> 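The structure's right below; bear with me while I get my questions together.
Computed from a predicted model, the values in this text were never measured in an experiment. Letters go in sequence order (proteins before strands), and every chain restarts at 1.
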There are 2 protein chains.
Amino acid sequence: MSTAVVSYALNGRRGVAEVTRERVLRVADELGWRPATAARSLRAGPGAAALVAVHDGAAGSRAASTLDLVTAAAEVLDEAGVTLAVHTASSVEQAAHLMRQWWAERRYAGFVVTGLRSDDARLAALRHLPAPAVMVGDPALPAPPAWRSVVLDDATAFAQVGEFLADLGHRRVAMLTGAEGLLSTRRRATALGGALNKSGIDFEAVSGDGVDRAAAAVGSLLSSGSHPTAVVTDDDVTAGVVLDVARRLNVNVPWQLSVVAGTDAAACRLTTPSLTAVPYPVERLGNAVGHALLGVLRADGTKREKAPPSTTVAAGGLVVRGSTAPPDPR
Amino acid sequence: MSTAVVSYALNGRRGVAEVTRERVLRVADELGWRPATAARSLRAGPGAAALVAVHDGAAGSRAASTLDLVTAAAEVLDEAGVTLAVHTASSVEQAAHLMRQWWAERRYAGFVVTGLRSDDARLAALRHLPAPAVMVGDPALPAPPAWRSVVLDDATAFAQVGEFLADLGHRRVAMLTGAEGLLSTRRRATALGGALNKSGIDFEAVSGDGVDRAAAAVGSLLSSGSHPTAVVTDDDVTAGVVLDVARRLNVNVPWQLSVVAGTDAAACRLTTPSLTAVPYPVERLGNAVGHALLGVLRADGTKREKAPPSTTVAAGGLVVRGSTAPPDPR
DNA sequence: TTGAAAGCGGTACCAC
DNA sequence: GTGGTACCGCTTTCAA
């Protein structure tokens, strides 16, 4: 039997007698044989994509959820025979460098980019390649056709937080934003501030990048004479810090201070009081990333499909728990 | 100029005129050319390794540190031109399956395995391949020569915790262990229990697998008439839960209850009181993994080197913070 | 329906 | 020191 027959049989192409096919499949299985990725790639191009996680602390607590995202994406990708690898880089620049290099080496067929920042070196790098890419979390920017975005609609959710706090009667609200350059945290602050200003409520955004700085910021916020009656954070860890600082300063949560975590996580249910939080639908986000990636990889290989360049994943309604209440009239 | 000359020049082999070499390198650089991974792999075999993280919750808070580990390992590996990819699997069995498949596809040259469990399917799978592998965190088991281990000596650290608590005067100590099958948590409990028993101190290990169960366990532990005066956890998140439950039950930490986190993390410094913790030297662990991986990959390619099959990384001395004190004589 | 053969992009051996 | 060439393992075209 010739190699061509085997190849046909294994790849499910027609033109092989059913008996022959079965025999081939059986033997391959018995031998535990699988086609070598390298040989296959040499001919057809790489069949895998990569996500280079920037691991410099600015990503904050979202580092953990990267693996959740990938797991969810892999669920979708596995069925299509695509694998998604995760790598880490210690800076945005290094991430850009790695992607450039790996693209030149034809190691990966495309990339997934998370945690976009303003002036992101990765964007510039990818644009020049040009490699298929999926941008996760942030609104679609003017992008080459080989890109697709998966947008997390947390702006709506944060606006809702603003309305919620307004309805409770809060008049002064502060947000502890995440890392400086992170696009998502700025977008969240804008949405929250917009909703609050519309109700004529005082809003202030304070940099809470990193737990230590967050702790310091909350400290000075609460020590001032008339401090805000509600604090919204960018992530769950920072919200925990707020609770702790408040407790230390004898500020009662939720009566003297309401706290909202910008990203829900298991830990939010376990604090005292438990944390009201904006859902973070990693799983749906991951699935969407999987589909977007398949689209962008296929579109590149065959004809340009007219797929929507962007999918929006709703964050969902605020999960109200014990850390929010009407402000104490004092 | 022929392809052979180019290949020689780029790979730094001798037998090429210096002028020629420089010209080749310069042109390659200008063109942004890099050898295709697939073509290279086809001849020389894969040049990358993979870590398949089991992502089923049992890994607990250590999920986040996987990326730290990989980052530290990559630092070492980059210089040798080896890349380490991370993938996730939803169970030990799936991880084993993926490694088997990827080995058959000659996609990766070796694997890194973390979070070993008793009766681990990954061990059996890898043993049958046989693929070069680095086992992280647990003591060396009877292993094929293509394996190497990076051992975290947390047993010593946990024994030290026992002595520390004994010296403080505690007479009843409990440990909240992590996921059932996890080898490391069992080893830690054994070391702690051994040290305590030697001092004639009452020791009890309770399953605290998952935050909810941990909370419940601490609750019932503290509600009983004469509860332990010290609790040791397997990780930092669980320690946070202990603090919270204690606070809710009006058990004063550290005077009525001392708490020790089994794995130090940034969060341990920020609780009130801050958490006494066993250091978790991810970075050193990662570097060791990098070196071990290089060793095991090279040993496979060329001659069998007589490198030590196992590297031990000390956890280091207990970091004493505010959550531990002599027990209240009541 | 099957077999033979040409690449894919490098590396390494061989003469020159 | 340099150029020609076989080969890595698979896919695919073309003839039989």
> Please report the closest heavy-atom contact between B/Leu285 and B/Tyr280, naming both atoms and the distance.
CD2-OH, 4.0 Å
> Among residues 32-43 of chain B, which ones have heavy-atom contacts with DNA chain D below 4.0 Å?
B/Leu42, B/Arg43
> Please name the pair of heavy atoms, one in B/Ser41 and one in B/Pro46, separated by the smallest distance, quoted to 0.1 Å.
OG-CA, 4.0 Å
> What's the CD-C1' distance between A/Glu105 and C/dC8, to the nearest Å?
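In whole Å, C/dC8 C1' and A/Glu105 CD are 17 Å from each other.
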> Work out which heavy atom in A/Arg127 is nearest to a heavy atom in A/Trp147; give both atom names and the distance.
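Answer, listing the atom of A/Arg127 first, then A/Trp147: N-CZ2, 3.7 Å.
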> Please check the phosphate of D/dC8 (OP1 and OP2 only) for any side-chain N or O of B/Arg106 closer than 4.0 Å.
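It does not, given that no N or O in the side chain of B/Arg106 lies less than 4.0 Å from OP1 or OP2 of D/dC8.
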> Categorize B/Ala17 for me: base, sugar-phosphate, or nothing, with a 4.0 angstrom heavy-atom threshold over every strand shown.
sugar-phosphate
> Which class fits the ring pair B/Trp102 and B/His87: parallel under 30°, tilted 30 to 60°, perpendicular over 60°?
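Tilted, since the angle between the ring planes falls between 30° and 60°.
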> Between B/Arg106 and A/Arg34, is there a donor-acceptor pair closer than 3.5 Å when you use the side chain of the first and the backbone of the second?
yes
> Just how far, in rounded Å, is C1' of C/dT1 from CZ of A/Arg23?
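It works out to 14 Å between those atoms.
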> Just N and O in the side chain of B/Arg13: are any of them under 4.0 Å from OP1 or OP2 of D/dT2?
no
> Between A/Gly178 and A/Thr185, which heavy-atom pair has the shortest distance, and what is it?
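A/Gly178 and A/Thr185 have their closest heavy atoms at N-OG1, 2.8 Å.
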> Are any protein N/O atoms closer than 3.5 Å to N/O atoms in nucleotides 14-16 of chain C? If there are, list each pair with its distance.
none

> When rounded to the nearest 0.5 angstrom, what is the spacing between CG in A/Leu116 and CG in A/Asp138?
5.0 Å
> What's the CG-P distance between A/Leu10 and D/dT11, to the nearest Å?
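One finds 7 Å between P of D/dT11 and CG of A/Leu10, rounded.
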> What closest approach, in Å, do B/Leu297 and B/Ala109 show between heavy atoms, and which atom pair accounts for it?
CD2-O, 3.6 Å
> How about A/Glu283: does its CD atom have over 12 heavy atoms from other parts shown lying under 6.0 Å from it?
no
> Name the closest nucleotide to the A/Ser7 side chain, picking from D/dT2, C/dT2, D/dT12.
D/dT12
> Would you say A/Thr20 reaches C/dT2's phosphate, i.e. side-chain N/O to OP1/OP2 under 4.0 Å?
yes
